[in-house]
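Everything numeric in this text was worked out from a predicted model, so none of it was measured.
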Amino acid sequence: MGKVNYVLVNADILPEIYTKVLSAKEFLATGEALSATQAAKMAGISRSAYYKYKDSVFKYNPESTKENATLHFRLRDTKGVLSAVTGELYLVGANVLSINQQIPQNGVAGVTLTMRIAEMTVTLEELIERLRKVNGVKSVHIGG
């Protein structure tokens, strides 16, 4: 397979099939449709049209990079510390997207947590200060 080339195009000028494929993909992603056949039917396209374009049509969200943040932690290897961290995130309206935890060494584990911050009720800096006060958090900083 050759190099993939992407082009950003205003959806208003595209044939309707592409927006319908995006709708079908969303129906599947949200669970509104349980199969590709059902999603295609809900979107008003054939199953073959869905399969023809599904791997080539993607929704672009220019705000997505501004909505997410990654934090790097060093957490004490004690029961409930990560749960307390995610509890704080819940309280401020952050939505956890992924958590990667290393195996603890010398009683401390490295944790990388990516979250959606668009609906948080505090600033990122205020959140970090709150997280530093959680029992068992050795350090926390914003990462890339």
Quick check for you: to the nearest 0.5 Å, what is the distance between [X] atom [atom1] and [Y] atom [atom2]?
X	Y	atom1	atom2	answer
Lys52	Ile17	NZ	CD1	9.0 Å
His141	Phe73	NE2	CZ	10.0 Å
Tyr53	Leu22	OH	CG	12.5 Å

Item to check | Nearest atoms (heavy-atom pairs only) where Ser23 meets Ala43 | outcome: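 Minimum heavy-atom contact is CB-CB, 4.2 Å.
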Item to check | Minimum heavy-atom distance between Ala24 and Ile45, given as atom pair plus value | outcome: CB-CD1, 4.4 Å
Next on the checklist: Starting from Tyr90, can I reach Leu97 by hopping between I/L/V/M/F/W/Y residues whose side chains sit under 4.5 Å apart?
Outcome noted: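 Per the 4.5 Å side-chain linkage, Leu97 and Tyr90 are not co-clustered.
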[X], [atom1] atom: more than 12 neighbouring heavy atoms under 6.0 Å:
X	atom1	value
Phe58	CZ	yes
Arg47	CZ	no
Asn106	CG	no

Checklist entry - Is the shortest heavy-atom distance from the side chain of Asp77 to the side chain of Val108 under 4.5 Å? => result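 The answer is no; the side chains never approach within 4.5 Å.
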Checklist entry - If we only count heavy atoms from C-beta on, is the Gln38 to Leu28 side-chain gap below 4.5 Å? => result no
Item to check | Transitive ILVMFWY cluster of Phe27, excluding itself - 4.5 Å side-chain cut-off | outcome: Met42
Item to check | Verdict with reasoning, Val85 to Val137, per side-chain contact (heavy atoms from CB on, under 4.5 Å) | outcome: CA-CA 8 Å; Val85 166; Val137 173; 3.7 Å; yes
Checklist entry - Among Val134, Val111, Val140, which one satisfies side-chain contact (heavy atoms from CB on, under 4.5 Å) with Leu75? => result Val111
Next on the checklist: Please list all pairs meeting salt bridge (charged side-chain N to carboxylate O under 4.0 Å, His left out) that have one or both residues in residues 15-33, counting only residues at least two apart or in different chains.
Outcome noted: Glu16-Lys20
Item to check | Thr19 and Val57: CA distance, side-chain angles, deciding distance, side-chain contact (heavy atoms from CB on, under 4.5 Å) verdict | outcome: CA-CA 9 Å; Thr19 56; Val57 180; over 6 Å; no
Item to check | Ser48 versus Ser46, side-chain donor and acceptor atoms under 3.5 Å | outcome: yes
Item to check | Worked check of side-chain contact (heavy atoms from CB on, under 4.5 Å) between Ile142 and Leu71 | outcome: CA-CA 5 Å; Ile142 299 172; Leu71 298 179; 3.9 Å; yes
Sequence neighbours excluded and cut-off under 3.5 Å, please list the side-chain donor-acceptor pairs for residues 112-129, or say none.
from   : atom 1 : to     : atom 2 : distance (Å)
Thr112 : OG1    : His72  : ND1    : 3.1
Thr114 : OG1    : Thr70  : OG1    : 3.1
Thr121 : OG1    : Val92  : O      : 3.3
Thr123 : OG1    : Glu126 : N      : 3.0
Thr123 : OG1    : Glu126 : OE1    : 3.3
Glu126 : OE1    : Thr123 : N      : 2.8
Glu129 : OE2    : Arg132 : NH1    : 2.8

Item to check | Stepwise side-chain contact (heavy atoms from CB on, under 4.5 Å) check, Ile99 with Leu82 | outcome: CA-CA 10 Å; Ile99 299 174; Leu82 183 56; 4.2 Å; yes
